[in-house]
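The structure appears below as structure tokens.
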Amino acid sequence: MSVMVETANLLADRINNLEESATLAMSKKSRELAAQGHKVINLSIGEPDFKTPKHICEAAKQAIDNGFHAYTPVAGIPELRKVIAEKFKRDNNIDWKPENVIVSTGAKHSLANALAVMVNPGDEVIIFAPYWVSYSEMVKLAEGTSVILEGAFDNDFKVTPEQLEAAITDRTKVVMYASPNNPTGSVYSEAELRAIAAVIEKHENVFVLADEIYEYINFREEGHFSIGSIPAIKERVITVNGMAKGFAMTGWRIGFIGAAKWIVDGIDKLQGQVTSGTNSIAQRASVVAWDDMTAPETMKRAYLVRRDLVIGLLKEIEGFKVNVPEGAFYAFPDVSYYFGKTDGEVTINNSDDLSMWLLEKVFVATVGGGSFGAPNCIRISTAASDEALKEAVARIKSAVETLK
Ligand SMILES: Cc1ncc(COP(=O)(O)O)c(C=O)c1O
């Protein structure tokens, strides 16, 4: 024991101060229980259960066979930066040139890069909650201070312009959010983002980090709206996106940013010293991704069917408060009705307790809301088969309804 304490002390403070990823912790526990022979249904991961579209895989094979094996430019291969600039124009109405685009090792890397180049020690970063687990930890790594703004359940977990206005100080450097959102599935409408942008416009030293990784999994009829398309603040918006979710390419590790050239140049400088250009084969494969959007469309329809299935079933559970996600592939019910209740041995004090109890009791892995800044809720991934989802929710229902 004393050896462990001593080695932990040898690690830098910046690592000792980081939280472990809650989602990865639940996956680890699920694997352990499965290895013991339990029939675990793992709904704790944020990963499409589809395969990468064929035309993208073919392009990767060709890149290997054609010997595309060398280092690439730090910011990405020119043909990929060009295709991404065209995508920003076509899909997002953001007029960026290839020089405004930089490719990185997943959107996670893009987000961490953006914070690293924008945030000085002590700068405040406003994060809209519930938020993706890594945001607050990335801000810590950049030595910034997170200011968490909670979106109310009754406002579909969305932050209002009034809340934002009240939270901005002269230390505020960045405002960051994801839409569609992980973990809530909420999507900010064009009108809501225009109102947020009107606040940002008044504060000329404040930047926006818009995480649009779930862009293609958006069920709203009006479709996706990018805050970066608003001319008054365009130069101050860093738009992050990537291949992982829409194209079912989590393992390929391609993320990208569209931003003002001086920001892209800053990231290029950082990346040049830390990772260099990302994987050459994955970049080549990504160039052809947008040539055929059939698969992302098909996947989106499947996620919508599952959303309706899971939300319908969750609404039947006594005490669960359920919002209707308009995007992504998560359900995020408020389970606070069960706080203070017990099975005779374990008392449930928060959603992290409930999530762990469900895993141990009925072998369904979810993620407690604590690390998303929402301790009343649990996250349930709907990226699983209909049968698995039905069985999982039935197990959750029968378990929680025994709590007294
Ligand atoms: C909101 C959000 N942003 C970014 C990412 C990271 O995506 P990538 O796999 O491209 O790093 C995720 C992945 O779960 C996410 O949910």
Side-chain angles (χ1 to χ4, degrees), residues 21-27 42-50 52 56 76 80 84 87 101-116 125 127-139 141 151 157-159 174-188 208-218 224 226-227 238-258 267 271 275 278-279 282-283 285-286 289 296 299 303 325-332 366-367 369 371-374 379-383:
S21 160
T23 46
L24 297 182
M26 283 308 274
S27 291
N42 188 355
L43 304 181
S44 71
I45 21 185
E47 179 154 40
D49 58 330
F50 295 101
T52 301
I56 302 174
L80 181 56
I84 293 170
K87 173 249 178 291
V101 170
I102 181 160
V103 181
S104 302
T105 308
K108 195 177 225 174
H109 188 208
S110 302
L111 288 162
N113 279 345
L115 289 167
V125 177
I127 301 177
F128 290 4
Y131 53 85
W132 183 45
V133 286
S134 297
Y135 286 4
S136 52
E137 303 313 301
M138 288 175 180
V139 171
L141 280 175
F157 293 110
K158 289 186 251 186
V159 168
V174 176
V175 174
M176 71 187 293
Y177 70 89
S179 176
N181 183 273
N182 174 7
T184 63
S186 300
V187 178
Y188 282 81
V208 178
L209 187 49
D211 181 348
E212 304 191 350
I213 187 83
Y214 292 96
E215 170 181 9
Y216 295 136
I217 312 173
N218 181 346
H224 180 80
S226 293
I227 197 166
I238 304 167
T239 306
V240 172
N241 209 325
M243 313 308 291
K245 313 291 177 173
F247 293 100
M249 290 176 68
T250 47
W252 298 69
R253 311 308 302 132
I254 298 286
F256 52 84
I257 270 176
I267 295 174
Q271 214 163 258
T275 57
T278 193
N279 180 291
Q283 288 190 64
S286 300
M299 291 188 267
Y303 292 129
E326 293 188 300
F329 39 67
Y330 308 102
F332 202 57
T366 58
V367 188
S371 49
F372 300 108
R379 191 189 77 173
I380 299 172
S381 167
T382 57

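Heads up: numbering here begins at 1 and tracks the sequence. Every value quoted in this text rests on a predicted model; they were computed, and no experiment measured them. Counting starts at 1 for both ligands and their atoms, in listed order.
- Protein neighbours of ligand 1 below 4.0 Å, counting non-hydrogen atoms: Gly106, Ala107, Lys108, Leu111, Trp132, Asn182, Asp211, Ile213, Tyr214, Ala244, Lys245, Arg253.
- Every residue two or more places apart in sequence or in another chain that forms a side-chain contact (heavy atoms from CB on, under 4.5 Å) with Ser179 is listed here: Tyr177, Val187, Tyr188.
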Under 3.5 Å, which donor-acceptor pairs do the side chains of residues 129-137 form with other protein atoms, sequence neighbours left out?
unit_1 : atom_1 : unit_2 : atom_2 : d
Tyr135 : OH     : Asp211 : OD2    : 2.7
Glu137 : OE1    : Glu19  : N      : 3.0
Glu137 : OE1    : Lys140 : NZ     : 2.9

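- Side chains of Thr52 and Trp252: a donor-acceptor N/O pair is present below 3.5 angstrom, by distance only.
- Here the side chains of Leu209 and Leu111 are in contact, with some heavy-atom distance below 4.5 Å.
- In this structure, the side chain of Arg379 engages the main chain of Ser44 through a donor-acceptor pair within 3.5 Å.
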Which donor-acceptor pairs under 3.5 Å do side chains of residues 241-251 form with protein atoms, sequence neighbours excluded?
unit_1 : atom_1 : unit_2 : atom_2 : d
Asn241 : ND2    : Glu212 : O      : 3.3
Asn241 : ND2    : Glu215 : OE1    : 2.8
Lys245 : NZ     : Gly46  : O      : 2.8
Lys245 : NZ     : Tyr214 : OH     : 3.3
Thr250 : OG1    : Glu47  : OE2    : 2.5

